[in-house]
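In this chain, residues are counted from 1 in sequence order. Just follow the structure's listing: the first ligand is 1, and inside any ligand the first atom is 1.
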Amino acid sequence: MATFAERYGPWAVVAGASEGLGEALARGCAARALNVVLIARRVELAQEIAEDIAAKTGVRTRAFRADLAEREELHRIVRELADVDVGLLIYNAAFSVIGPFWNFDVDTHLKEVDVNVRGPLVLSHGFGARFRARGRGGIVLLSSMASLQGMVRVTNYAATKAYNLVLAEGLWAELRDEGVDVLVCCAGATRTPNYVASEPADSNVPVQEPGNVAEETLNALGRKPTLFPARVLRLTHFMFRHLLGRRSAVRLMAYASNRAYNNQGSYNTGDRKAS
Ligand SMILES: NC(=O)c1ccc[n+]([C@@H]2O[C@H](COP(=O)([O-])OP(=O)(O)OC[C@H]3O[C@@H](n4cnc5c(N)ncnc54)[C@H](OP(=O)(O)O)[C@@H]3O)[C@@H](O)[C@H]2O)c1
């Protein structure tokens with residue numbers, strides 16, 4: 001059995017790695033002996049994490065400033081990392097607004113498409129081509145339980161996450177005989193700075209820790225196409241898929257979403273602290 005580093009090394013690229021789940025995924029890669037490129041807009045935060053990872057694990061790290069909402073920046077990432085022997089791409093970043101659909105102008109919704117759809121598409125295409133050529137590698141996309149059905153207050157975000165789920169599963173099937181593993185992680189509520197800042201009101205929602213989600217994700221790569229990174233999420237998925245009709249699933253998620261965010265008109269995550 002090849003080790004994680006033999007299959008997905010020597011370098012991992014984590015798009016969206018200056019905090020939270022992205023940081024945990026970068027640390028998880030380093031703990032598995034991969035060198036890591038950490039991409040974020042707040043490159044000074046990514047740089048601090050990169051230095052800390054290097055000091056603690058001895059792997060090589062590099063912080064890379066890019067705005068994943070910008071089309072040209074995505075191509076620049078692929079171009080400028082051409083001389084780095086990347087074996088693993090993790091697309092973690094997302095942009096999300098929370099609130100009724102018409103509280104936001106269409107350009108804001110399009111930014112969700114830019115970061116959550118165009119970003120993973122362009123980077124998966126660019127790095128995936130290299131992985132195919134070298135006959136090994138891995139791609140991890142981050143989706144959400146919101147991707148499994150329509151969901152009020154995050155209507156467009158949920159649709160973008162459905163794209164990631166379907167894209168990753170298709171790539172998994174296309175690339176599995178070429179030595180390239182693909183995984184999509186359907187995360188539930190996860191205690192990241194973005195999640196905490198959104199101030200969800202419903203304390204009954206089970207919340208995962210970023211470190212646990214990252215470990216579940218990296219351990220599942222190469223074993224399956226789709227991961228629900230907690231037992232409660234696997235049960236929810238089973239119930240939605242096998243017991244409820246789609247209409248009931250949509251209504252149940254609408255109830256949960258309205259309960260969590262009923263005090264808010266609208267909220268915008270992802271640009272919280274970005275300059
Ligand atoms: N947290 C949850 O409850 C939850 C639930 C389900 C699914 N997910 C999924 O898990 C992933 C991470 O979630 P999270 O938002 O909570 O985040 P996180 O991993 O804690 O942080 C998001 C990271 O993405 C970076 N980022 C965001 N927009 C960017 C842009 N335009 N260009 C470059 N980097 C960008 C941020 O860095 P900068 O701000 O420095 O650029 C930050 O490092 C997302 O794909 C999300 O859909 C999260």
Would a 4.5 Å heavy-atom cut-off, applied to side chains only, mark Trp11 and Val36 as touching?
no
Measuring only between side-chain heavy atoms, which start at C-beta, is Val115 closer than 4.5 Å to Thr160?
no
Given that the side chain starts at C-beta and the backbone is N, CA, C, O, which of these parts of Ala15 lies under 4.0 Å from ligand 1, counting heavy atoms, or is it both or neither?
neither
Return a yes/no value for Pro193: is any of its N or O atoms, backbone included, closer than 3.5 angstrom to an N or O of ligand 1?
no
Please work out, at 4.0 Å between heavy atoms, whether the side chain, the backbone, both, or neither of Ala66 comes within that distance of ligand 1.
backbone
So, regarding Ser18 and ligand 1 (criterion: nitrogen or oxygen to nitrogen or oxygen, under 3.5 Å), is there a contact or not?
yes
If you look only at pairs with a residue in residues 165-175, which of them pass as a side-chain hydrogen bond (donor to acceptor under 3.5 Å, both in side chains), with sequence neighbours excluded?
Glu169-Thr226
Side-chain touch Tyr91/Leu68, heavy atoms, less than 4.5 angstrom
yes
Ligand 1 contact by Gly188, heavy-atom criterion under 4.0 angstrom
yes
Ligand 1 contacted by Ser143 (non-hydrogen, < 4.0 Å):
yes
Under a 4.0 Å heavy-atom limit, does Leu68 contact ligand 1 with its side chain, its backbone, both, or neither?
both
Measuring centre to centre across the rings, with the benzene-like ring taken for any Trp, is His109 within less than 6.0 Å of Tyr157?
no
May I ask you to test the Ser124-Leu141 pair for a side-chain heavy-atom distance under 4.5 Å?
yes
Taking the side chain as everything from C-beta on, heavy atoms only, tell me whether Leu244 gets closer than 4.5 Å to Leu252.
yes
Using a 4.0 Å heavy-atom cut-off, which part of Tyr157 comes near ligand 1: side chain, backbone, both, or neither?
side chain
Report the residues that fulfil salt bridge (charged side-chain N to carboxylate O under 4.0 Å, His left out) with Arg62, sequence neighbours left out, ordered by chain and then residue number.
none
Side chain or backbone, does Ile39 bring an N or O within less than 3.5 Å of an N or O on ligand 1?
no
Contact between Gln208 and ligand 1, counting heavy atoms under 4.0 Å?
no
Any nitrogen or oxygen of Gly22, side chain or backbone, less than 3.5 Å from one on ligand 1?
yes
Ligand 1-proximal atoms of Lys161, by part, heavy-atom distance under 4.0 Å
side chain
I want to know if ligand 1 touches Tyr195 in the polar sense, i.e. an N/O pair below 3.5 angstrom.
no
